[in-house]
Undergrad: 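What follows is a structure written as structure tokens; I'll ask about it next.
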Amino acid sequence: MNSDAQPHRKTPRWLAPALAVALAAATFALFAPTLGYDLVDLDDNAYVSQNAVVLGGLNWPAVRLVFTQTYAAMYAPLLWVSYMLDVECFGPNAWSFHFVNVLLHALNASLLFLLLFAWTRKPWRAFFFAALWAWHPLRVESVAWIAERKDVLSGLFFLLCLAAYGAARRPTDAASGAAPQMNGFRVCAYWSSALFLGLGLLVKPSLVPVPALLLLLDFWPLRRVAPAAKSLVRAAPRLLAEKIPFFLLAGAAAFLSAQAHEASGALAEIPLGLRLKALPIHYGFYLFKIFRPRNLTPLYQEVLFSRADFAVGLFLLAGITLWTWWSLRRRPNELVGWLWFLGLLVPVVGLVRFGVQSVADRF
């Protein structure tokens, strides 16, 4: 999306809410057939149908248990609580778990649209890109697979974190680097943003990169720092200091996740050199699946190293990075979007290997 500061035509007040509702309804309808699906005999049994803690419904002993112990090589207490709530409200029926997954995804699509619209003030572009994300084949696994509730639920908290942060940190004079005046609403929004991040991390720790992503939001679309070295140096201490609670939450989640995986033997020990060499290949895999989503499967074989794949992946990473850097002053959103893509994939690109899979569609 072009973020050039040009006057926009006034958008009718009704348009954004109408598009948000339409996108949510269309997304729900698109994924509604999954309501008739059964559970998948791949993690769904361990997560739901054979999980005595979940099948007991929502009760204090069960909630205390999931917050004090790890399960399935994860520390994700709010994930288990969400399943308990499903059982409490609807019973242990497959359709109810699917219903909640689809409902969460539809809500996420609507929230993403509203965020993009708030950042760009371009309703139809925001609708297009939100729909592209929500309806992309790579989303199917996260929505249709009950065990991947952690994707759609952590995604909800992630989007709420971004929305609250945007409300707390309005654009400032980037040249002066002045801190924004904090009123009661902004203070509440700031801590709400941290709270939503904490809740999301209790569902899935792959939200660990979020504090760094908030720094990208400071650059664009909030424009709290100008694309100049002087402005960056002046604003950096303040921008980093206000992210301390977010970094502490992310650090705690990373530690708990590593401990849970190590205790269960799911933390793979692979030489650092091999993991670094695989990074361009894994990023290339995700780019390829985005633009040509074919032969999708819940489990991929190990992506083997090859010089050709490494060269292609490295060329893509370097080329796109240089291209977005050259257009920084005219279209800063492109560099932010690219860094956003690279950053969000850090926990799942193979730098730290959890489990047997190096790549997956749901990542």
Side-chain angles (χ1 to χ4, degrees), residues 31-108 138-158 199-208 253 256-268 296-300 347-348 353-357 359-363:
F31 287 89
T34 64
L35 272 63
Y37 295 172
D38 205 343
L39 300 179
V40 178
D41 191 15
L42 184 65
D43 288 346
D44 280 356
N45 292 335
Y47 278 47
V48 177
S49 62
Q50 297 177 6
N51 190 334
V53 175
V54 167
L55 295 178
L58 190 64
N59 58 82
W60 173 243
V63 172
R64 183 175 58 186
L65 181 67
V66 297
F67 270 91
T68 56
Q69 296 185 16
T70 60
Y71 186 77
M74 297 184 301
Y75 182 74
L78 284 189
L79 173 65
W80 311 119
V81 169
S82 75
Y83 291 139
M84 294 178 206
L85 191 58
D86 288 356
V87 173
E88 191 71 24
C89 295
F90 308 108
N93 304 301
W95 72 265
S96 64
F97 296 109
H98 285 296
F99 172 78
V100 173
N101 271 25
V102 176
L103 185 63
L104 287 171
H105 185 57
L107 181 58
N108 289 345
L138 289 178
R139 302 288 81 74
V140 172
E141 193 171 304
S142 296
V143 181
W145 192 1
I146 298 304
E148 290 310 309
R149 165 76 59 83
K150 47 184 172 289
D151 287 350
V152 290
L153 184 55
S154 66
L156 173 65
F157 290 126
F158 170 60
L199 294 175
L201 290 168
L202 290 175
V203 177
K204 190 172 184 179
S206 60
L207 295 184
V208 163
L256 290 172
S257 179
Q259 290 291 103
H261 282 81
E262 186 175 11
S264 63
L267 189 60
L296 304 181
T297 177
L299 295 174
Y300 288 94
V348 293
R353 182 72 64 85
F354 293 141
V356 297
Q357 287 187 277
V359 293
D361 295 341
R362 58 192 176 278
F363 294 165

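Numbers for residues simply follow the sequence, beginning at 1.
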Undergrad: To the nearest 0.5 Å, how far apart are OH in Y83 and OG in S96?
TA: 11.5 Å

Undergrad: Would you give the length of the straight line joining atom CZ of F157 to atom CG of L199, rounded to the nearest 0.5 angstrom?
TA: 4.5 Å

Undergrad: Sub-3.5 Å donor-acceptor pair from the side chain of D86 to the main-chain atoms of V100, do we have one?
TA: no

Undergrad: Can you see which heavy atom on L42 is nearest to which on L299, and at what distance?
TA: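 In terms of heavy atoms, the two residues are closest at CD2-CD1, 4.1 Å.
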
Undergrad: Could you grab the distance from atom CD1 of I146 to atom CG of D43, nearest 0.5 Å is fine?
TA: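 If we round to the nearest 0.5 Å, I146:CD1 and D43:CG are 12.0 Å apart.
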
Undergrad: Which heavy atom of T70 sits nearest a heavy atom of A260, and at what distance?
TA: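 That closest heavy-atom pairing would be CG2-CB, 3.7 Å.
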
Undergrad: With the side chain counted from C-beta on, respond yes when T34 and N101 share a heavy-atom pair under 4.5 Å apart, and no when they do not.
TA: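 No; the side chains remain at least 4.5 Å from each other.
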
Undergrad: So do the side chains of Y47 and V54 get within less than 4.5 Å of each other, counting heavy atoms only?
TA: no

Undergrad: Is there a donor-acceptor pair under 3.5 Å between the side chain of S257 and the backbone N or O of A253?
TA: no

Undergrad: Please check if the side chain of N59 supplies one atom and the backbone of A62 the other of a donor-acceptor pair under 3.5 Å.
TA: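 Between the backbone of A62 and the side chain of N59 there is a qualifying donor-acceptor contact (under 3.5 Å).
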
Undergrad: Counting C-beta onward and ignoring hydrogens, is there a side-chain heavy-atom pair between M74 and K150 closer than 4.5 Å?
TA: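 Result yes, sub-4.5 Å side-chain heavy-atom pair found.
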
Undergrad: May I ask you to test the S82-R149 pair for a side-chain heavy-atom distance under 4.5 Å?
TA: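 With C-beta onward as the side chain, the pair touches.
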
Undergrad: So, do W145 and V140 sit near enough that their side-chain heavy atoms are less than 4.5 Å apart?
TA: no

Undergrad: State whether the side chain of E141 and the backbone N or O of D361 hold a donor-acceptor pair below 3.5 Å, judged by distance alone.
TA: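 Not at all, since once roles are kept as given, no pair shorter than 3.5 Å links the two residues.
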
Undergrad: For residues 56-79, which residue pairs qualify under ring pair (Phe, Tyr, Trp, His ring centres under 6.0 Å), counting only residues two or more places apart or in two chains?
TA: Y71-W80

Undergrad: How long is the straight-line distance from CG of L104 back to CZ of F99, given to the nearest 0.5 Å?
TA: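 Rounded to the nearest 0.5 Å, the CZ-CG separation comes to 9.5 Å.
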
Undergrad: Are any non-hydrogen side-chain atoms of D44 and V40 less than 4.5 angstrom apart?
TA: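 Touching, per the 4.5 Å side-chain cut-off.
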
Undergrad: What are the two closest non-hydrogen atoms of V203 and A76, and how far apart are they?
TA: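 Closest heavy-atom pair between V203 and A76: O-CB, 3.3 Å.
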
Undergrad: Taking the six-membered ring for Trp and the full ring for Phe, Tyr or His, determine whether the centres of Y37 and W95 are under 6.0 Å apart.
TA: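 No, the ring of Y37 stays outside the 6.0 Å limit from the ring of W95, centre to centre.
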
Undergrad: Output yes when a side-chain donor or acceptor of H98 lies under 3.5 Å from a complementary backbone atom of D38, and no otherwise.
TA: yes

Undergrad: How many angstroms lie between atom CG of L65 and atom CE of M84, to the nearest 0.5 angstrom?
TA: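 Between L65 CG and M84 CE, I get 7.5 Å after rounding to 0.5 Å.
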
Undergrad: Is a side-chain N or O of N51 found less than 3.5 angstrom from the main chain of N45, in a donor-acceptor match?
TA: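 A pair under 3.5 Å: no.
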
Undergrad: Where is the tightest heavy-atom contact between R362 and S142, given as atom of each residue plus distance?
TA: CB-OG, 3.6 Å

Undergrad: Determine, for R139 against D151, whether the closest basic-nitrogen to carboxylate-oxygen distance falls under 4.0 angstrom.
TA: no

Undergrad: Measure the spacing between OG of S154 and CD of E148 and express it to the nearest 0.5 Å.
TA: 9.5 Å

